[in-house]
Amino acid sequence: MKKIEAIIKPFKLDEVKEALHEIGLQGLTVLEAKGFGRQKGHTELYRGAEYVVDFLPKVKIELVVEDSLVERAIESIQQAAHTGRIGDGKIFVTAIEQAIRIRTGEKGAEAI
(Lines give C-alpha, C1' and ligand atoms only; values in the text may rest on other atoms or scores of the structure.)
Protein backbone atom coordinates (compact mmCIF):
# COMPACT_ATOMS: atom_id res chain seq x y z
CA MET A 1 0.00 0.00 0.00
CA LYS A 2 1.09 3.55 -0.70
CA LYS A 3 -0.02 6.93 0.59
CA ILE A 4 -0.34 9.60 -2.07
CA GLU A 5 -0.28 13.23 -0.97
CA ALA A 6 -0.99 15.86 -3.60
CA ILE A 7 -0.81 19.60 -3.09
CA ILE A 8 -2.83 21.36 -5.79
CA LYS A 9 -4.56 24.61 -6.64
CA PRO A 10 -7.95 24.83 -4.90
CA PHE A 11 -10.00 25.32 -8.07
CA LYS A 12 -8.70 21.97 -9.42
CA LEU A 13 -10.10 19.92 -6.51
CA ASP A 14 -13.34 18.86 -8.21
CA GLU A 15 -11.51 17.79 -11.38
CA VAL A 16 -9.02 15.72 -9.38
CA LYS A 17 -11.79 14.13 -7.32
CA GLU A 18 -13.69 13.17 -10.48
CA ALA A 19 -10.55 11.76 -12.12
CA LEU A 20 -9.85 9.57 -9.09
CA HIS A 21 -13.48 8.42 -8.96
CA GLU A 22 -13.29 7.40 -12.64
CA ILE A 23 -10.44 4.97 -11.94
CA GLY A 24 -12.34 3.42 -9.04
CA LEU A 25 -10.84 5.17 -6.03
CA GLN A 26 -13.42 6.12 -3.44
CA GLY A 27 -11.92 7.50 -0.25
CA LEU A 28 -9.76 10.55 0.12
CA THR A 29 -9.02 13.26 2.66
CA VAL A 30 -8.91 16.94 1.73
CA LEU A 31 -7.18 19.61 3.79
CA GLU A 32 -7.01 23.33 3.19
CA ALA A 33 -3.40 24.47 3.21
CA LYS A 34 -1.23 27.49 2.58
CA GLY A 35 2.28 27.47 1.25
CA PHE A 36 4.75 28.46 -1.40
CA GLY A 37 7.37 26.83 -3.55
CA ARG A 38 9.84 28.34 -5.97
CA GLN A 39 7.47 31.21 -6.74
CA LYS A 40 7.77 32.46 -3.13
CA GLY A 41 4.41 34.24 -3.20
CA HIS A 42 3.75 37.57 -4.87
CA THR A 43 3.07 41.22 -4.11
CA GLU A 44 -0.35 42.81 -4.19
CA LEU A 45 -1.62 46.37 -3.97
CA TYR A 46 -4.35 47.08 -1.42
CA ARG A 47 -5.63 50.62 -0.75
CA GLY A 48 -2.46 52.09 -2.12
CA ALA A 49 -0.15 49.96 0.01
CA GLU A 50 1.93 47.17 -1.44
CA TYR A 51 2.29 43.99 0.58
CA VAL A 52 3.75 40.55 0.08
CA VAL A 53 1.52 37.47 0.00
CA ASP A 54 3.95 34.77 1.16
CA PHE A 55 1.56 31.88 1.61
CA LEU A 56 -0.74 31.02 -1.27
CA PRO A 57 -3.94 28.99 -0.79
CA LYS A 58 -3.57 25.32 -1.69
CA VAL A 59 -5.46 22.08 -1.15
CA LYS A 60 -3.79 18.91 0.11
CA ILE A 61 -5.31 15.60 -0.91
CA GLU A 62 -4.36 12.38 0.88
CA LEU A 63 -5.31 8.87 -0.16
CA VAL A 64 -4.04 5.37 0.49
CA VAL A 65 -4.15 2.94 -2.43
CA GLU A 66 -3.06 -0.58 -3.24
CA ASP A 67 0.27 -0.85 -5.03
CA SER A 68 -1.42 -1.87 -8.28
CA LEU A 69 -3.33 1.45 -8.47
CA VAL A 70 -0.52 3.85 -7.58
CA GLU A 71 0.60 4.75 -11.11
CA ARG A 72 -2.96 5.21 -12.38
CA ALA A 73 -3.79 7.43 -9.40
CA ILE A 74 -0.68 9.56 -9.93
CA GLU A 75 -1.43 9.97 -13.64
CA SER A 76 -5.04 10.92 -12.90
CA ILE A 77 -4.03 13.55 -10.37
CA GLN A 78 -1.31 14.92 -12.61
CA GLN A 79 -3.59 15.28 -15.62
CA ALA A 80 -6.53 16.75 -13.68
CA ALA A 81 -4.44 19.25 -11.68
CA HIS A 82 -2.28 20.43 -14.58
CA THR A 83 -2.68 24.03 -15.78
CA GLY A 84 0.82 24.50 -17.17
CA ARG A 85 1.39 27.51 -14.95
CA ILE A 86 3.67 27.95 -11.97
CA GLY A 87 2.25 26.61 -8.71
CA ASP A 88 0.41 23.57 -10.11
CA GLY A 89 1.61 21.61 -7.08
CA LYS A 90 3.42 18.45 -6.08
CA ILE A 91 2.67 14.75 -5.56
CA PHE A 92 4.41 12.72 -2.86
CA VAL A 93 4.24 8.93 -2.51
CA THR A 94 5.20 7.06 0.66
CA ALA A 95 4.94 3.44 1.77
CA ILE A 96 2.25 2.44 4.28
CA GLU A 97 3.16 -0.40 6.61
CA GLN A 98 -0.31 -1.15 7.86
CA ALA A 99 -3.90 0.11 7.67
CA ILE A 100 -6.65 -0.79 10.14
CA ARG A 101 -10.35 -0.02 9.85
CA ILE A 102 -11.42 1.04 13.33
CA ARG A 103 -15.07 -0.04 13.01
CA THR A 104 -14.44 -3.65 11.89
CA GLY A 105 -10.80 -4.30 12.74
CA GLU A 106 -10.01 -5.19 9.11
CA LYS A 107 -6.33 -4.87 8.26
CA GLY A 108 -4.25 -4.25 5.17
CA ALA A 109 -5.88 -3.79 1.76
CA GLU A 110 -9.31 -4.72 3.14
CA ALA A 111 -9.15 -1.70 5.45
CA ILE A 112 -8.78 0.77 2.61
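Fair warning: this is a prediction, and the values are worked out from it, not measured in the lab.
Between the CD atom of Gln26 and the CG atom of Leu20 there is a distance of 11.5 Å, given to the nearest 0.5 Å. Interatomic distance, CD of Glu106 versus CD1 of Ile102, reported as 12.5 Å (0.5 Å rounding). How far CZ of Arg72 is from CD1 of Ile23: 5.5 Å, rounded to the nearest 0.5 Å. Here CD of Glu71 is found 10.0 Å from NZ of Lys2. Values are rounded to the nearest 0.5 Å.
The pair Glu62-Lys60 counts as a salt bridge, with a side-chain nitrogen and a carboxylate oxygen less than 4.0 angstrom apart. A salt bridge is defined here as a Lys NZ or Arg NE, NH1 or NH2 lying under 4.0 Å from an Asp or Glu carboxylate O, and Glu15 with Lys12 meets this definition.
Checking Glu66 against Ser68 by side-chain atom types alone, no donor-acceptor pair falls below 3.5 Å.
Tested against Ile4, the residues Leu69, Leu25, Ile61, Leu63 include a single side chain to side chain contact (heavy atoms under 4.5 Å, CB included) partner, Leu63. No option in Asp88, Ile77, Ile8 other than Asp88 meets the side chain to side chain contact (heavy atoms under 4.5 Å, CB included) test with His82.
Around the CD atom of Gln78, the shell of radius 6.0 Å holds no more than 12 heavy atoms that belong to other residues, nucleotides or ligands. Remark: Lys17 NZ is loosely packed, at most 12 non-hydrogen atoms of other residues, nucleotides or ligands lying under 6.0 Å away.
Pro10 and Pro57 make their closest contact through CD-O, 3.5 Å (heavy atoms, listed as atom of the first residue, atom of the second, distance). Taking all atoms of both residues into account, the shortest heavy-atom contact from Val59 to Leu13 is CG1-CD1, 4.1 Å. The minimum heavy-atom distance between Ala99 and Ala111, with the atom names listed, is O-CB, 3.6 Å.
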Test log, rule side chain to side chain contact (heavy atoms under 4.5 Å, CB included), inputs Ile112 and Met1: CA-CA 9 Å; Ile112 58 173; Met1 294 178 292; 4.1 Å; yes
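By the criterion of side-chain heavy atoms lying less than 4.5 angstrom apart, applied directly or through intervening Ile, Leu, Val, Met, Phe, Trp or Tyr residues, Val30 is grouped together with Val65 in one hydrophobic cluster. Connection of Val64 to Leu28 is not established within any shared hydrophobic cluster, with ILVMFWY side chains joined at heavy-atom distances below 4.5 Å, either directly or through further cluster members. Under the 4.5 Å side-chain contact rule for hydrophobic residues, Val93 and Val16 share a cluster.
The side-chain contact (heavy atoms from CB on, under 4.5 Å) test applied to Gln98 returns Ile100, Lys107, not counting sequence neighbours. In this structure Arg103 satisfies the side-chain contact (heavy atoms from CB on, under 4.5 Å) test together with Arg101, sequence neighbours excluded.
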